[in-house]
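Taking it in order: structure first as structure tokens, then the write-up.
When reading the values below, keep in mind they use all heavy atoms of this one structure, side chains included, and skip hydrogens, waters and symmetry mates. A note on names: the letters A, B, ... follow the listed sequences, proteins ahead of strands, and every chain is numbered from 1.
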Number of protein chains: 2
Amino acid sequence: MKQRGERVDAIYAGLRLAILEQVLQPGTKLPEDAIGEQFGASRTVVRRALELLAGEELVDIRPNRGATVAKPSLDEARDLFSVRQDVEQMVIRRLCGRLTPAQAKRLEAQIEAEERAHREGRPEYIRHAAEFHLVLAEMTGSPLLVRYMRQLVGRSALILGLYGRPRWTDCSVQEHRDLVTCLLNGDLARLEHLMHHHLEAVLSRAIDTAARDKERGIRDLLAPYVEAARSG
Amino acid sequence: MKQRGERVDAIYAGLRLAILEQVLQPGTKLPEDAIGEQFGASRTVVRRALELLAGEELVDIRPNRGATVAKPSLDEARDLFSVRQDVEQMVIRRLCGRLTPAQAKRLEAQIEAEERAHREGRPEYIRHAAEFHLVLAEMTGSPLLVRYMRQLVGRSALILGLYGRPRWTDCSVQEHRDLVTCLLNGDLARLEHLMHHHLEAVLSRAIDTAARDKERGIRDLLAPYVEAARSG
DNA sequence: TCGGGCTAAATCGTATACAATTTGATCAGA
DNA sequence: TCTGATCAAATTGTATACGATTTAGCCCGA
């Protein structure tokens with residue numbers, strides 16, 4: 001029998017990927033027994049993995065009711081994106097004008113991977129695009145920022161899958177290139193502006209659309225009843 | 001037998017308090033059995049509590065070696081304080097000029113509790129002072145910011161206990177008052193300045209002193225050997 | 001037909017048993 | 001005396017058993 005938390009990590013990683021790739025959709029129940037059987041592990045181990053995921057709010061655990069894939073509300077989504085805006089600003093402020101050639105190369109490679117996947121129609125381009133922001137955080141050398149960014153990026157992906165439209169991410173390759181250029185020549189004001197609008201385009205517009213759709217949806221749903229009340 | 005995670009929460013809260021009040025000092029081993037016996041719970045429950053504490057980095061869990069009270073390095077301390085500076089700036093930027101009278105009153109009450117405890121020499125004044133920053137975060141209405149601030153404040157307390165000198169916190173009452181005043185009249189530039197220097201005084205100077213002490217300590221430790229090398 | 005209570009199935013929360021690992025002490029040999 | 005191997009004690013990692021809780025289906029009486 002293997003020891004250590006290797007198995008916990010494996011299950012954690014597996015579930016996390018499945019959630020972020022939308023194989024497990026928000027709201028899906030995650031019973032400990034079923035998952036344990038799948039992975040060939042006991043509930044003890046599965047539970048620990050689920051608790052880790054709950055720690056980054058990718059799954060919801062409600063006492064005595066089990067775990068489900070998290071289904072953030074629009075309010076939670078707005079809160080998340082708003083905080084992410086600020087944290088990304090923290091990151092670029094720390095990096096602006098301080099990028100080494102090696103780091104610039106690393107970023108360019110990341111963008112190229114994203115571009116290639118996007119051109120070839122592979123869905124990993126989403127993961128690569130998200131990783132770009134994580135790599136930026138890593139370059140600050142601040143473990144805490146990395147930790148936060150990892151959570152923020154993961155949860156953002158979940159939310160985009162829930163509310164977003166894929167087309168919003170199309171422009172991100174060029175925007176990522178512009179960000180790197182700006183980081184290199186140290187134009188902080190322009191950099192902040194670019195990052196803000198980049199995130200606005202990718203994140204906020206998606207959920208704003210969702211919010212409008214939802215409002216309209218409620219109106220439509222209620223319309224027949226209003227009609228009935230008027231005539232009845 | 002009670003159900004739910006109530007018992008986990010109780011143990012979590014108990015351990016957390018003990019750590020933050022420095023009853024359990026950094027490095028102290030936290031064996032699951034011993035704690036379980038103390039609280040009258042099984043290892044299962046204790047383990048969960050320890051994992052929660054590890055989640056906010058108040059305890060260290062190393063595979064097969066058990067949990068100890070976290071003992072952050074000076075580098076980790078610097079990283080934490082640096083990020084905390086930025087997050088606190090996020091908070092005041094969101095609150096500046098937007099404080100309701102009720103909120104101002106709440107803050108004043110918090111400061112008074114701190115002042116009273118300080119005047120009477122009760123050690124809770126430290127907890128009250130830390131809570132002030134948490135209350136500010138709560139007033140932003142952003143659950144995420146509250147979450148982050150809670151972690152940051154908790155870990156800051158741990159670090160101050162490890163490296164800090166108590167006298168640095170003396171001036172915080174007046175500084176907290178100034179912050180509230182500034183939040184009310186909406187002078188953002190001055191507010192940012194105040195908060196920066198407030199945190200600098202409370203946090204950074206403490207560990208800078210510790211760093212100098214440590215450096216000097218190494219010099220002292222090495223001195224005899226240098227002497228020996230010179231004569232040998 | 002419909003709502004309220006009852007029961008059974010599913011699933012979680014906790015305790016406990018046992019295996020695996022670490023750690024420190026002991027002891028033999030150089 | 002010192003070094004390294006070996007073994008026992010302490011402690012963690014995982015599996016599993018069992019009680020507790022939720023949930024949903026079912027039946028029955030109105």
Side-chain angles (χ1 to χ4, degrees), chain A residues 1-19 23-71 225 228 232, chain B residues 1-16 18-19 23-71 225 228:
Chain A
M1 183 193 324
K2 281 276 175 65
Q3 277 276 109
R4 280 182 97 105
E6 299 173 359
R7 294 148 45 55
V8 171
D9 288 348
I11 297 176
Y12 162 80
L15 288 177
R16 187 172 202 272
L17 198 61
I19 291 171
V23 176
L24 296 174
Q25 299 203 348
T28 309
K29 283 213 70 178
L30 301 168
E32 294 169 0
D33 312 12
I35 296 172
E37 201 165 343
Q38 276 287 316
F39 285 95
S42 77
R43 280 179 52 213
T44 310
V45 180
V46 174
R47 170 184 279 261
R48 172 77 179 122
L50 289 172
E51 281 159 354
L52 284 175
L53 289 165
E56 44 186 308
E57 304 190 276
L58 290 180
V59 322
D60 246 27
I61 297 183
R62 282 155 50 186
N64 279 314
R65 299 184 180 191
T68 59
V69 178
K71 194 173 181 175
Y225 297 89
Chain B
M1 185 193 324
K2 280 274 174 67
Q3 276 276 111
R4 280 179 97 104
E6 300 170 1
R7 291 144 51 49
V8 171
D9 288 348
I11 296 176
Y12 161 80
L15 288 177
R16 188 172 201 272
I19 292 171
V23 175
L24 296 174
Q25 300 204 346
T28 308
K29 282 214 73 178
L30 301 169
E32 295 169 0
D33 312 12
I35 297 171
E37 202 165 341
Q38 275 287 316
F39 284 94
S42 78
R43 281 180 50 214
T44 311
V45 180
V46 175
R47 172 182 277 259
R48 173 73 180 124
L50 289 172
E51 281 159 355
L52 284 175
L53 289 165
E56 44 186 308
E57 304 190 274
L58 290 180
V59 323
D60 243 29
I61 297 183
R62 283 155 53 190
N64 280 315
R65 300 185 181 189
T68 58
V69 178
K71 194 173 180 174
Y225 297 90

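The separation between B:R47 atom CZ and D:dT14 atom C1' is 9 Å, rounded to whole Å. As rounded to whole Å, 4 Å separates atom P of D:dA15 from atom CZ of A:R7. In this entry the distance linking CD of A:E37 with P of D:dT14 reads 19 Å, nearest Å. Between the CD atom of A:E32 and the P atom of C:dT14 there is a distance of 11 Å, given to the nearest Å. If you take CZ of B:R48 and C1' of C:dG13, they are 12 Å apart, rounded to a whole angstrom. In this structure, B:N64 atom CG and D:dT12 atom P are separated by 9 Å, rounded to whole Å. Summarising the geometry, the separation between CZ on B:R43 and P on D:dG13 is reported as 8 Å, rounded to the nearest angstrom. When the C1' atom of D:dT21 is taken as reference, atom CZ of A:R62 falls 14 Å away, rounded to whole Å.
Here A:S42 reaches the OP1 or OP2 of D:dA15: one of its side-chain N or O atoms lies under 4.0 Å away. For B:R65 and C:dT21, the shortest distance from a side-chain N or O to OP1 or OP2 is not below 4.0 Å.
Minimum interatomic distance between A:V8 and A:L52 (heavy atoms only, all atoms of both residues): CG1-CD1, 4.0 Å. Here the shortest heavy-atom pairing between A:V46 and A:G36 reads CG2-CA, 3.4 Å. Between A:V45 and A:R7, the shortest heavy-atom distance links the atoms CG1-C, 4.0 Å.
Note on B:D33: a base of the nucleic acid sits closer than 4.0 angstrom, heavy atoms only.
Closest approach to the A:V45 side chain among C:dT11, D:dT12, D:dT14 is made by D:dT14 (side chain taken as heavy atoms from C-beta onward).
Between A:G40 and B:L30, it is B:L30 whose nearest contact on DNA chain D lies nearer the 5' terminus.
B:L30 CG to B:R47 CZ: the interatomic distance, rounded to the nearest 0.5 Å, is 13.0 Å.
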